[in-house]
2 protein chains.
Amino acid sequence: MATIKDVAKLAKVAPSTVSRVIANNPRISDKTKERVRKAMDELGYHPNFIARSLANQSTQAIGVVIHSSTDKAFQNPFFPEVIRGISKGAHQKHYALHMSTGETEEEIYEGVVQMVEGKRVDGIIVLYSKVDDKLTSYLKDKNFPFVIVGKPFKDMERITHVDNDNYRAAKEVTEHLISLGHKEIAFVGGNLNFVVTIDRLLGYEKAIRNAGLEYRDDYIVHEEFLEEGGQEAVKELFSLKLPPTALVVADDLMALGVLNKLSAMKIQVPSDVSIVSFNNFLLSEIAFPPLTTVDINIYMLGCEAARHIIQQIEEPSEPVKRVIVPYELVIRQSAKKHAGPARILDLEA
Amino acid sequence: MATIKDVAKLAKVAPSTVSRVIANNPRISDKTKERVRKAMDELGYHPNFIARSLANQSTQAIGVVIHSSTDKAFQNPFFPEVIRGISKGAHQKHYALHMSTGETEEEIYEGVVQMVEGKRVDGIIVLYSKVDDKLTSYLKDKNFPFVIVGKPFKDMERITHVDNDNYRAAKEVTEHLISLGHKEIAFVGGNLNFVVTIDRLLGYEKAIRNAGLEYRDDYIVHEEFLEEGGQEAVKELFSLKLPPTALVVADDLMALGVLNKLSAMKIQVPSDVSIVSFNNFLLSEIAFPPLTTVDINIYMLGCEAARHIIQQIEEPSEPVKRVIVPYELVIRQSAKKHAGPARILDLEA
DNA sequence: TTGTATGCGTTATCAG
DNA sequence: CTGATAACGCATACAA
């Protein structure tokens with residue numbers, strides 16, 4: 001394989017000159033540039049990235065960290081979509097992606113330490129945010145460039161992150177349900193260790209309280225995924241003396257699970273119960289009924305994360321930033337005006 | 001940051017000795033090993049991966065190539081699941097993953113060339129297989145280690161690949177439908193440029209012909225995704241003089257789209273029409289009705305791909321291999337015995 | 001069993 | 001504008 005020296009020899013210049021041609025250094029005459037370039041393709045020369053990285057102390061690669069791959073939620077389409085966004089942002093600046101996953105939390109932590117200490121990446125994007133995360137603390141202590149997709153559990157003003165305003169989105173979506181005449185609104189969320197779940201729950205609560213509705217603990221359900229356990233959860237929700245007429249579900253995939261259980265229980269959506277959820281995956285459009293959902297713009301989340309980590313890498317003095325990606329309520333057919341008993345109550349009032 | 005020299009100095013040995021300790025070279029006395037190790041953690045030393053790569057001519061990283069990220073199919077859960085498998089296989093052997101994506105086909109091709117020529121990876125896993133693929137030819141010509149997930153379009157016996165027997169799976173699943181009494185069976189597939197689509201179509205055809213049923217062109221529909229266009233496709237299928245009573249759908253996500261259109265058209269699954277599909281995503285279980293589908297074991301597909309590319313990297317004389325991952329027909333509720341007019345025909349016969 | 005010297009392919013510093 | 005030369009951090013052949 002041709003090296004810089006071979007090119008130098010063929011073009012009858014010094015290796016350093018070739019290096020400068022690669023960098024398109026303006027202090028090289030056009031004539032020699034020409035000559036060197038000719039030699040380069042004559043030899044099919046491509047610079048060795050590893051050698052360059054060593055000399056440069058920069059890899060042009062950004063590390064991507066995802067939570068444990070054993071997690072069922074891993075099959076969530078959030079992942080490919082955010083990667084797609086990251087790729088876009090990274091590609092523009094000629095950065096590549098580097099991943100080191102593991103099964104256990106400890107394994108992934110070790111993997112990240114390896115990539116940081118081993119200098120395999122210039123910066124890191126953490127694709128989740130959870131309570132008391134060891135990794136975040138490590139990165140912060142090391143003062144290694146990183147950004148979080150989501151809201152940091154702590155040190156928010158000291159960690160660059162890109163997030164949606166999940167609190168407001170949840171509030172808004174709940175208010176949407178309220179404006180539709182619903183009063184019995186339940187919340188079906190995911191793992192409370194993730195900050196996003198907390199935010200959405202809080203937004204839901206705020207809307208409920210603002211509207212003067214009762215905030216009931218038995219209307220709050222948390223499930224990793226709507227399989228066995230979740231089945232029970234939904235069943236319980238609808239065996240309450242006062243079952244909900246509407247559901248705020250934390251994620252489209254979960255909403256799909258809810259839809260399934262409901263169908264099995266002969267409960268119709270949206271005529272018997274309305275559902276709104278989050279994320280707007282491709283599948284939320286092809287669900288039946290198509291889901292009314294909050295489009296959180298996952299692609300942009302990824303793209304911005306990439307742009308900002310690169311900014312931080314290339315300009316270390318860059319201040320900490322909080323990037324809020326806009327969301328949009330996409331009205332489809334899973335939520336509609338409440339037309340049950342509660343309405344009658346309305347008329348009586 | 002501490003280097004090997006600092007450790008050497010502190011432990012009062014030569015740098016080369018430290019290097020040998022890292023490699024756990026048996027020719028170093030336990031006593032000095034001890035001393036060096038102590039120095040290592042005293043300094044918080046971690047080897048520099050880049051430097052090591054340069055000296056070694058090996059990066060311990062494997063490149064992962066996915067098809068154009070603009071593709072809608074990118075949101076397909078196949079992706080995270082196969083990555084999960086790859087991670088598993090790679091992690092065991094201490095390999096990391098490297099990705100370089102692009103929007104256009106040309107961009108991703110260039111990205112791969114960069115990672116190959118730039119020596120950023122030791123081998124490559126190509127996560128798709130399509131007709132006349134430029135990339136495959138390049139890798140083959142370069143004689144660079146790579147494996148394909150799927151069946152190579154050509155040079156099958158000269159390219160290591162891991163695949164399902166999609167032909168047989170499709171045949172079997174079609175026969176399942178036939179055994180259920182269906183005679184009007186349509187095929188809803190994806191892009192015919194992908195070998196997997198071709199294989200599944202062929203298996204379907206074989207089963208149809210074996211059973212002495214008519215192979216009808218108007219029963220074959222191809223859609224990227226069941227959005228606008230697909231809506232039409234399904235509609236047309238069911239406006240035929242003799243509409244199908246069962247559908248073989250090439251992918252669960254598409255099946256979900258079909259389910260949606262059918263619901264909208266008031267066609268019931270499985271009472272009016274049966275559906276079987278492929279992949280067994282998480283969502284196929286939570287669809288309504290839960291999908292009868294072929295579990296192609298995506299995780300194992302990824303895991304085996306990783307294992308074999310690593311084998312090929314570490315043992316270049318390793319022969320070309322064809323790895324067939326088993327599939328399994330998962331019977332759920334989207335397909336059942338045919339009980340319509342065709343049955344009456346049976347009785348008449 | 002350990003140390004010395006050299007190379008991996010670039011970039012950067014300093015002369016000229 | 002261009003050429004030597006020294007890093008970058010580690011591995012390894014050869015010596016001892």
Side-chain angles (χ1 to χ4, degrees), chain A residues 1-40 43-61 94 114-122 314, chain B residues 1-40 43-61 94 114-122 314:
Chain A
M1 191 115 297
T3 77
I4 211 172
K5 285 183 189 167
D6 302 321
V7 176
K9 212 163 291 174
L10 184 61
K12 297 194 193 312
V13 295
S16 51
T17 302
V18 178
S19 175
R20 287 191 262 257
V21 172
I22 295 171
N24 201 14
N25 188 317
R27 308 187 315 187
I28 299 289
S29 76
D30 287 354
K31 205 159 60 183
T32 40
K33 270 187 189 171
E34 209 49 48
R35 197 149 39 92
V36 170
R37 294 219 171 93
K38 196 167 133 251
M40 296 202 317
L43 293 174
Y45 169 81
H46 283 261
N48 182 316
F49 235 94
I50 301 297
R52 176 182 286 197
S53 294
L54 185 59
N56 272 343
Q57 304 285 57
S58 115
T59 62
Q60 294 280 110
H94 307 288
Q114 296 299 332
M115 62 190 193
V116 170
E117 309 282 353
K119 304 217 176 321
R120 289 186 101 163
V121 299
D122 297 338
E314 299 188 342
Chain B
M1 190 113 299
T3 77
I4 212 172
K5 284 183 191 167
D6 303 319
V7 177
K9 212 164 292 174
L10 184 62
K12 298 192 194 312
V13 294
S16 53
T17 301
V18 178
S19 176
R20 289 182 183 113
V21 173
I22 295 171
N24 201 14
N25 187 317
R27 309 188 315 186
I28 299 289
S29 75
D30 288 354
K31 206 158 61 183
T32 40
K33 269 187 188 171
E34 208 48 48
R35 196 148 41 93
V36 170
R37 294 219 171 94
K38 198 167 129 249
M40 295 202 317
L43 294 174
Y45 169 81
H46 282 261
N48 182 316
F49 235 95
I50 300 296
R52 174 183 288 200
S53 295
L54 186 59
N56 273 343
Q57 304 285 58
S58 115
T59 62
Q60 293 280 111
H94 306 289
Q114 296 299 333
M115 62 190 193
V116 169
E117 309 281 353
K119 304 218 177 317
R120 289 186 100 164
V121 299
D122 297 338
E314 300 188 341

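As the structure is a prediction and not an experimental result, all values here were calculated from the model. Letters go in sequence order (proteins before strands), and every chain restarts at 1.
Mapping B:Arg35 and B:Asn56 onto DNA chain C via the closest heavy atom, the residue that lands nearer the 5' end is B:Arg35.
Across the protein-nucleic acid pair, B:Asn48 atom CG and C:dC8 atom C1' stand 13 Å apart, rounded to whole Å. Put simply, NZ on A:Lys5 is 13 Å from P on D:dA6, counting in whole angstrom units. When the C1' atom of D:dT12 is taken as reference, atom CD1 of B:Ile22 falls 13 Å away, rounded to whole Å. Atom-to-atom, CG of A:Leu54 to P of D:dA11 comes out at 12 Å; the value is rounded to the nearest Å. In this structure, CD1 of A:Ile4 is placed 17 Å from P of D:dT5, rounded to the nearest angstrom. Distance A:Arg27 CZ to D:dG3 P: 13 Å, rounded to the nearest Å. The CG atom of A:Asp30 sits 15 Å away from the C1' atom of D:dT2 (whole-angstrom rounding). Separating the CG atom of B:Leu43 from the P atom of D:dC10 is a distance of 12 Å, rounded to the nearest angstrom.
Here the side chain of A:Arg20 is nearest to one of D:dG3, C:dT4, C:dG9, namely D:dG3.
Between C:dA12 and A:Ser19, no contact under 4.0 Å exists linking OP1 or OP2 to a side-chain N or O. Within the structure, every side-chain polar atom (N or O) of B:Thr17 is placed at least 4.0 Å from both OP1 and OP2 of C:dT2. Taking side-chain N and O atoms only, B:Thr3 has no distance below 4.0 Å to OP1 or OP2 of D:dG9. An OP1 or OP2 oxygen of C:dT11 is reached within less than 4.0 angstrom by a side-chain nitrogen or oxygen of A:Arg52. Here B:Thr32 reaches the OP1 or OP2 of C:dT2: one of its side-chain N or O atoms lies under 4.0 Å away. For D:dA11, neither phosphate oxygen OP1 nor OP2 lies less than 4.0 angstrom from any side-chain nitrogen or oxygen of B:Gln57.
Between the side chains of B:Ser16 and B:Ser19, no donor N or O sits under 3.5 Å from an acceptor N or O. Between B:Asn24 and B:Lys33, the side chains place a donor N or O and an acceptor N or O closer than 3.5 Å (distance only, hydrogens not considered).
No contact: B:Val18 has no heavy atom under 4.0 Å from any strand. Residue-level contact check: B:Phe49 touches neither bases nor backbone, having no heavy atom under 4.0 Å from any strand. Among the heavy atoms of the strands lying under 4.0 Å from A:Pro47 are primed sugar atoms or P, OP1, OP2 only; no base atom is included.
Checked by atom type and distance alone, the side chain of B:Ser53 pairs as donor or acceptor with a backbone atom of B:Phe49 at under 3.5 Å.
Taking 3.5 Å as the limit, the base of C:dT10 and the side chain of A:Ser16 contain no donor-acceptor pair of atoms between them.
No side-chain heavy atom of A:Val36 sits less than 4.5 Å from a side-chain heavy atom of A:Arg20.
Atom OG1 in B:Thr3 sits 9.5 Å away from atom CG in B:Asn48 (nearest 0.5 Å).
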